[in-house]
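Each remark here refers to the structure printed beneath this line.
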Protein chains: 2
Amino acid sequence: MTPTALPGKRPPLTRATVLAAAVALADTSGIETLSMRNLARDLGVVAMALYKHIANKEELLDGMVEAVIAEFDPPAQTGDWAADLRERILSARRTMLRHPWAAQVFAGRPAPTPAVLAHLDSVAAGMLAGGLSPALTHQGLHMLGSLIWGFHLEVFPSGPPPQDPAEREEMMIGFAAAYPAVLTVAMAASHDPAAIVGAGCDDQAEFELTIDLVLDGLKRLHEAGWPAKSRKS
Amino acid sequence: MTPTALPGKRPPLTRATVLAAAVALADTSGIETLSMRNLARDLGVVAMALYKHIANKEELLDGMVEAVIAEFDPPAQTGDWAADLRERILSARRTMLRHPWAAQVFAGRPAPTPAVLAHLDSVAAGMLAGGLSPALTHQGLHMLGSLIWGFHLEVFPSGPPPQDPAEREEMMIGFAAAYPAVLTVAMAASHDPAAIVGAGCDDQAEFELTIDLVLDGLKRLHEAGWPAKSRKS
DNA sequence: ACCTGAACACCGTTCAAGT
DNA sequence: ACCTGAACACCGTTCAAGT
């Protein structure tokens, strides 16, 4: 009759167990089966119990995104930025393949979660440390983002930025402390540090550079007789 | 009292008007607002009336995908495959930007619609006509697919292919008639014509070639001092 | 032929109540 | 502190009925 060890008594829910069960449910039964009620049933609990651990379903989805990113391998640091980046991309891809719902969920989130920004910051920092200019790092992030994630990431939350300039300033300062490389790279793109929050960048020019890079690469492979001869131009 | 011209009488619904209203609703209020009931209200009708024109919501979403693709500009044919392809990609992008929900919906569809396959077939045909090998065209479609659609397309419907070999054969023949360039390209990838339906291709090798192309391009730009000097290597 | 009303089995979420 | 029951405002969809 010890109250903490009754047989059949579940351990109390935590945010982590809820997220893990959500990921497992989406992996097993598909993202369309993930409802608060189904998730609760898997946890042996009633749907309303979940709301003590996650605010709502949106936050659940954001938490699942964070859980996926946490599975990425820690980055190697060999001193070769391109080789290191290549490994990170392949690791991210392996993780995404384990969670087929992830690309769709990522695409549906209105704003990047802290883990997304932290990952982006770490990738950007690696490229900057390798000597790439902030502008080229920015361009590279856009190119790789479309190719890897399969969607176009908005770094800054969508929706209008705070009206109050003081509040905007504070937001910037917090952002700069947490994601310095992302900020460096964002500033390189807009050339106007004060207007960064919510400013965005020249997507059209970036997109055109990306397709020109891919089309040039295809032309080069074609002229080299790929796949008959060699893979490298 | 002429029964066909009573004032205030709606014209009868058609599949096309339903789809147009669905696209307009998603454009204006966001895809999360698109419910059968809201859509019906916009059309001055009750939800159940829609089911005479579209089988269910899944088919509605597929129809919206088709409507978006129908907005792509007709392809130019200048004789330069790369320039023509560039224009098609830019046109597709302009269309996708007009419908911010489209990438997310495309990513959520389990199988490509006929219009998606027809577009893909036309793009593949242009590359083949430009002299690219089927294998390189295949690789190029994978690279560009992420850029255009914003996600990784599965050409063949997911789910198990038909068990009956005769039925599989028939499916192949229909596919070959409708999408010959796609079939050419798919065969180049798998090297096993009989195993094509549901076979897939070597995604890993394709993915690695894509990231190597992008990383090589970034290195080249870096060594050329981009953006200080020139854009082209 | 085309649309409707009532009904069913689901959703996410709130609130007051239980232990 | 943590969970539950009942309830609310929604979903997609079926079926028999209306005009």
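Values reported hereafter were calculated over all heavy atoms of this structure, with side chains retained and with hydrogens, waters and symmetry mates removed. Protein chains get the first letters and strands the later ones, always in sequence-line order, with residue 1 at the start of each.
For the contact set between residues 50-62 of chain B and DNA chain C, defined by any heavy atom under 4.0 Å, the members are B:K52, B:H53.
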*Determine which bases of DNA chain D form Watson-Crick or G-U wobble pairs with both distances under 3.5 Å, and write the result as a 5' to 3' dot-bracket string with | for other-strand partners.*
||.|||||...|||||.||
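Side-chain contact between B:L85 and B:L144: present, with at least one pair of heavy atoms (C-beta onward) separated by less than 4.5 Å. At a threshold of 4.5 Å between non-hydrogen side-chain atoms, the residues A:P112 and A:L120 do not count as touching. At least one side-chain heavy atom of A:M64 sits under 4.5 Å from a side-chain heavy atom of A:L34.
For C:dC11, the OP1/OP2 oxygens have a side-chain nitrogen or oxygen of A:N38 closer than 4.0 Å.
When rounded to the nearest whole Å, the span between CZ of B:R37 and P of C:dG5 equals 13 Å. C:dC2 atom P lies 15 Å from atom CZ of B:R15, rounded to whole Å.
Within 6.0 Å of atom CD in A:E32, more than 12 heavy atoms from other residues, nucleotides or ligands are found, so the atom counts as buried in its surroundings.
Using a cut-off of 4.0 Å between Lys/Arg side-chain N and Asp/Glu carboxylate O, A:R109 and A:D62 are scored as salt-bridged. The pair A:R94-A:D73 counts as a salt bridge, with a side-chain nitrogen and a carboxylate oxygen less than 4.0 angstrom apart.
Set against D:dA6, C:dC3, D:dT14, the side chain of A:M48 has D:dA6 as its closest nucleotide. Among the nucleotides D:dT4, D:dG12, C:dG5, the one closest to any side-chain atom of B:S35 is D:dG12. Of the candidates D:dG12, C:dC3, D:dT4, D:dT4 carries the atom nearest the A:A49 side chain, counting heavy atoms from C-beta on. If you check D:dA7, D:dC3, C:dC3 against the side chain of B:P12, the one that comes closest is C:dC3.
Contact annotation for B:M36: backbone-only contact, meaning every heavy-atom pair under 4.0 Å involves sugar-phosphate atoms and none involves a base.
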Check residues 14-21 of chain A and write down every donor-acceptor pair under 3.5 Å in which the side-chain atom is one partner and the other belongs to a residue at least two apart or another chain.
residue : atom : partner : partner atom : Å
A:T14   : OG1  : A:A16   : N            : 3.4
A:T14   : OG1  : A:T17   : N            : 3.1
A:T14   : OG1  : A:T17   : OG1          : 3.0
A:R15   : NH1  : A:E59   : OE2          : 2.8
A:T17   : OG1  : A:T14   : N            : 2.8
A:T17   : OG1  : A:T14   : O            : 2.8

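Distance check, rounded to the nearest 0.5 Å: CD of A:E87 to CD1 of B:I211 gives 8.0 Å.
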